[in-house]
Amino acid sequence: MERKDLGITFRKGKLRFYDCDLHDLINKFPTPLYLYSEKALIQNAEEFQVAANSIGHDSLVCFALKANPNRSILKTLAKKGLGGDVVSKGELLQALEAGIPASKIVFSGVGKQLSEIELALQKNILSINIESLDELCSINDIAKKFGRTANVAFRLNPNVNAVTHKHISTGSGLHKFGMERDEIISAIRQKELWTHCRLVGLSVHIGSQLRDLTATEAALKVISELAQDIAMPLDFIDVGGGLGVSYQGEKVASTQDYMKAVAKSVTAKNFKRIIFEPGRKIAASSGLFVTKVIRTKSCLNSNFIIVDGGMNDFLRPSMYGAQHQIFPSKKSSNLKKYSIVGPVCETADCFARDLPFPELERDDFLVLAHAGAYGRSMASNYNLRSFPQEVLINEKGELLNVSPT
Ligand code: LLP
């Protein structure tokens, strides 16, 4: 049970994540915890940037903070030149504090409050990506009050069906996100909406954990045609995030294929650069969720490994039925079927059902891979449990506690 591509290996009977002996780690820090590798994060970010730069347009990669807003993670990405895609006042302030310049921040979301719009204006961010006519009116009013001009981009709803979990598909007529093409064109014509706003771009984001590129290509063609139709010079086209990762070794479009799809579908010429908003692709594989065994039990037809991490700490398995690969701290060829469950009082508090797994006992531990995105950022204190700690292996191989987020 190793995944060298994810830095998960066994050496001398000890489970490791890149340069870190996980047995040492759990002696030093309380579990459950998130462990991030700075090296893996930088590698993912650089890979994405290099691919983005290879398609013949200027580009800016704005990391979607919702995937992982940990300050150390953001500082690392800021140093590599990434911008940020934020969706709240909290994320905007966190991005700025971590050193992401306002000129590289886009603000998305259907429900921006007036105070959040004010803050975005005060900080003079790259763009507020608007999702309704009402929002545009509010921004224009607020900008007028401040005697400023707001940079805005329309988020288009391209009405495509992005095949992914239904909770994270966002680009069809059923979804609350974005605006229709005709509404955007009509808004552009209403001069009174633009006294204190400047249209700087168009954006689209059709969903997350997208494994193939069919819907992405369709959506990008629609946004490219819209750019051509409005025929105004734009600073950018923002193609959103959404590129999937291979949680279980399944086939997923590569970053290179994704960039080829962008280059092929975005044929408009009246924009200066392409903005990308990846979250998962940058952060997921750089993190593990580490949890210790409390006890095992058998009941009727099932065997359970009960661990100290629960669905409050790591929600993806119970919320989306996500199957993250699980690695035990001990190797054995003697496998039995176990369900791996947490302490939270819900049947959904389950990381894997009937998984062939070695026999573990108290204080053994296991790790879930690809936990660097939408892990800690979705944790809660349900059941009044504490939040999990976050630990970073820095470039020197040192272990640093980087909690709180
Ligand atoms: N841009 C916008 C406007 C978004 O709404 C999102 C994600 C992203 C970018 C980043 O998407 P990514 O590259 O990470 O796929 N909690 C869910 C994922 C929710 C994604 C929400 N929006 C999960 O754990 O799968």
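Please read all numbers here as calculations on a predicted model, not as lab measurements. Counting starts at 1 for both ligands and their atoms, following the listed order.
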Please collect all side chain to side chain donor-acceptor pair (under 3.5 Å) contacts where either partner lies in residues 15-34, sequence neighbours excluded, each pair once.
-> Thr31-Asp308
Output a table of donor-acceptor pairs, distance under 3.5 Å, between side-chain atoms of residues 60-70 and any protein atom two or more places apart or on a different chain; print 'none' if there are none.
| unit_1 | atom_1 | unit_2 | atom_2 | d |
| --- | --- | --- | --- | --- |
| Asn68 | OD1 | Asn70 | N | 3.0 |
| Asn68 | ND2 | Tyr36 | OH | 3.4 |
| Asn68 | ND2 | Gly372 | O | 3.0 |
| Asn70 | OD1 | Ser72 | N | 2.8 |
| Asn70 | OD1 | Ile73 | N | 3.4 |
| Asn70 | ND2 | Glu390 | OE1 | 3.1 |
| Asn70 | ND2 | Glu390 | OE2 | 3.3 |
| Asn70 | ND2 | Val402 | O | 3.1 |

Do side-chain atoms of Ser246 reach the backbone of Glu250 as a donor and acceptor pair under 3.5 angstrom?
-> yes
Between Asn129 and Arg155, does any side-chain donor sit less than 3.5 Å from a side-chain acceptor?
-> no
Sorted by first residue and then second, give each side chain to side chain donor-acceptor pair (under 3.5 Å) pair with at least one member in residues 335-347; sequence neighbours left out.
-> Glu346-Tyr382
Run through ligand 1 for me and note each protein residue having a heavy atom under 4.0 Å from it, chain first, then residue number.
-> Ala64, Lys66, Asp85, Ser108, Arg155, Ile168, His205, Ser208, Gln209, Gly241, Gly242, Glu277, Pro278, Gly279, Arg280, Arg316, Tyr320, Tyr374, Met378
With a 3.5 Å cut-off and no angle check, do the side chains of Glu180 and Asn157 form a donor-acceptor pair?
-> no
